[in-house]
Amino acid sequence: LELVEDAASEKAPMENFITRFARYYTPIVCLLALIIAVIPPFFTDFDWADWVQRALIFLVVSCPCALVISVPLSFFGGIGCASKNGILVKGSNYLEALADTKYIVCDKTGTLTKGVFQVTAAHPQEMSEKELLHLAAHVERYSTHPIAASLRAAYPNESDSCRVEAVEEIAGEGIRAHVNGNVVCVGNSKMMEAVGAEWYDCHRHAAGTVIHVSINGRYAGHVIISDVVKETSKAAIAALKSVGVARTVMLTGDAKEVADAVAKELGIDQVRSELLPADKVQNVEELLMENKGNGNLAFVGDGINDAPVLTRADIGIAMGAMGSDAAIEAADVVLMDDDPMKISQAIRISRKCLSIVNQNTWFSIGIKLVVLLLGAVGIANMWFAIFADVGVMILAVLNAMRALFAGRTA
């Protein structure tokens, strides 16, 4: 609710222009009306009443109500339409910036994938797959890491009569424990090298994280754990290209093989892998420099590590359902249901809203100029003036209300 209320205070450049325009425009037209009423009667044969009426017609026609009311209303309608579709835009300035988005940079885990790891394969050395998962689940019994949760889920009957003791988590490597008196290690290649186990890479399931297992320093096999790609991610990338996004980039801390496989599956143009959180900021800055002057760059992320990148990009888009509070706070746009399809929908809504703003601007100015000219030569009467003021304002407001339904064509 706070974010929605704050959205009204973040004005788009077009809105700010209209506000400044009205500030100077109003005293100028009042002065011009006074000149029309007072000066011409001294140099023409027309009477005072005729020129005063022309001045009044000029004042009525030149009233900027249509612009001042319809432009902010169009943006409010666009923000309201986006909200109805589960897209929280924190201000009309971000809505206007979205319309010119040409480059989309995405985090992988939790953005294009569900961030939910699951065991996709187990390759034991001298035991069955069930026994390998049994051992791994025992060692990961007390860990809260997502990988540990996926190993426990793959062997749900882990609470049996086996004795699990001396569980030790080694940062950056894995977990070691005594299972029925045997020292079992579950972790990455660094842990295997530390205990002297002769490990090897998996050549059958490269698109996943490899978790190695050793027993008393002897290699027992490995388990493949993969993040699950969201059902709509592939369609979302295709939809972005259909709305004119020139390039899609994926940034991730995952291994190159995993990142490349996901990017190929989704149709992403470029992927940068094995990145630390600070590396993501640096990569976004490089992309901003490459694309300078060619449209806005939007970054889409969900984690607390993405918060600095969301702030650095031209437009920051956060996943609102599973995303961290830091990411949501740092972002300019929040997707409330974490659906990446909403990114292209937000761009379509913003472009429809900007189209309506431009229509109202040119329509209002065009009608007023025509009636002003007709009034200056004495053709337009007060009824013309009322139409050019109130009538045009009503038409512009009705047109602005179409922004509320922009999502129907998105």
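Remember, predicted model here, so these are calculated numbers, not experimental data. Position 1 is the first residue of the sequence; numbering continues from there. Any value given below was found using the heavy atoms of this structure, including those in side chains, with hydrogens, waters and symmetry copies removed.
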Close side-chain approach of [X] and [Y], heavy atoms under 4.5 Å:
| X | Y | answer |
| --- | --- | --- |
| Phe384 | Ile379 | no |
| Leu59 | Cys30 | yes |
| Thr311 | Val309 | no |
| Gln118 | Ile225 | no |
| Pro340 | Lys230 | yes |
| Gln53 | Ile57 | yes |
| Val179 | Arg163 | no |
| Ile347 | Val245 | yes |

Given 3.5 Å as the limit, does a donor-acceptor pair link the side chain of [X] with the main chain of [Y], or not?
| X | Y | answer |
| --- | --- | --- |
| Ser355 | Arg351 | no |
| Asn283 | Asp279 | yes |
| Asn216 | Val183 | yes |
| Asp332 | Gly316 | yes |
| Asn85 | Cys81 | yes |
| Ser233 | Val229 | no |
| Asn182 | Val184 | no |
| Ser128 | Glu131 | yes |
| Thr113 | Lys108 | yes |
| Asn180 | Cys162 | no |

Can you confirm whether more than 12 heavy atoms, excluding those of [X], are under 6.0 Å from its [atom1] atom?
| X | atom1 | result |
| --- | --- | --- |
| Gln125 | CD | yes |
| Met401 | CE | no |
| Glu286 | CD | yes |

Problem - Asn296 and Thr101: side chain donor to acceptor below 3.5 Å - result: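 The criterion, which ignores hydrogens and geometry beyond distance, is not satisfied for Thr101 and Asn296.
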Handout entry: Modelled atom types, side-chain donor and acceptor of Gln359 and Arg402, under 3.5 Å
Key = yes
For the [atom1] atom of [X] and the [atom2] atom of [Y], what is their distance to the nearest 0.5 Å?
| X | Y | atom1 | atom2 | result |
| --- | --- | --- | --- | --- |
| Lys264 | Leu266 | NZ | CG | 12.5 Å |
| Phe299 | Leu310 | CZ | CG | 5.5 Å |
| Glu96 | Ser350 | CD | OG | 9.5 Å |
| Leu98 | Arg348 | CG | CZ | 13.0 Å |
| Gln270 | Thr248 | CD | OG1 | 9.0 Å |
| Asp314 | Asp100 | CG | CG | 9.0 Å |

Practice task
Output, in order, the C-alpha distance, side-chain angles, deciding distance and verdict of side-chain contact (heavy atoms from CB on, under 4.5 Å) for Ile104 and Val300.
Solution key: CA-CA 7 Å; Ile104 299 289; Val300 190; 4.1 Å; yes
Problem - Working for side-chain contact (heavy atoms from CB on, under 4.5 Å), residues Asp302 and Ile328 - result: CA-CA 8 Å; Asp302 71 308; Ile328 293 169; over 6 Å; no
Handout entry: Evaluation steps, side-chain contact (heavy atoms from CB on, under 4.5 Å), between Met191 and Val186
Key = CA-CA 8 Å; Met191 173 168 268; Val186 179; 5.8 Å; no
Residues two or more places apart in sequence or in another chain: which of them pass salt bridge (Lys or Arg N to Asp or Glu O under 4.0 Å) with [X]?
| X | result |
| --- | --- |
| Asp269 | Lys241 |
| Glu168 | Arg176 |
| Lys256 | Asp260 |

Minimum heavy-atom distance [X]-[Y], with the two atoms named:
| X | Y | result |
| --- | --- | --- |
| Gly301 | Thr111 | CA-OG1, 3.6 Å |
| Asp339 | Met319 | N-SD, 4.4 Å |
| Ala388 | Val61 | CB-CG1, 4.0 Å |
| Ile79 | Gly91 | CD1-C, 3.9 Å |
| Ala307 | Ala330 | O-CB, 3.7 Å |
| Val281 | Pro308 | CG2-CB, 3.9 Å |

I'd like to know if [X] and [Y] make a salt bridge, using a cut-off of under 4.0 Å between side-chain N and carboxylate O.
| X | Y | result |
| --- | --- | --- |
| Glu285 | Lys280 | no |
| Glu329 | Lys90 | no |
| Lys292 | Glu290 | no |
| Glu126 | Arg218 | yes |

Practice task
Could you label the plane-to-plane angle of the Tyr219 and His212 rings as parallel, tilted or perpendicular, counting under 30° as parallel and over 60° as perpendicular?
Solution key: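 Aromatic pair Tyr219/His212 classed tilted.
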Practice task
Would you please test Glu231 and Lys114 for side-chain contact (heavy atoms from CB on, under 4.5 Å) and show each step?
Solution key: CA-CA 9 Å; Glu231 294 82 358; Lys114 293 181 179 179; 2.8 Å; yes
Exercise for the section: Identify the residue among Val210, Val213, Leu132 that makes a side chain to side chain contact (heavy atoms under 4.5 Å, CB included) with His222. Expected result: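 Only one of Val210, Val213, Leu132 forms a side chain to side chain contact (heavy atoms under 4.5 Å, CB included) with His222, namely Val210.
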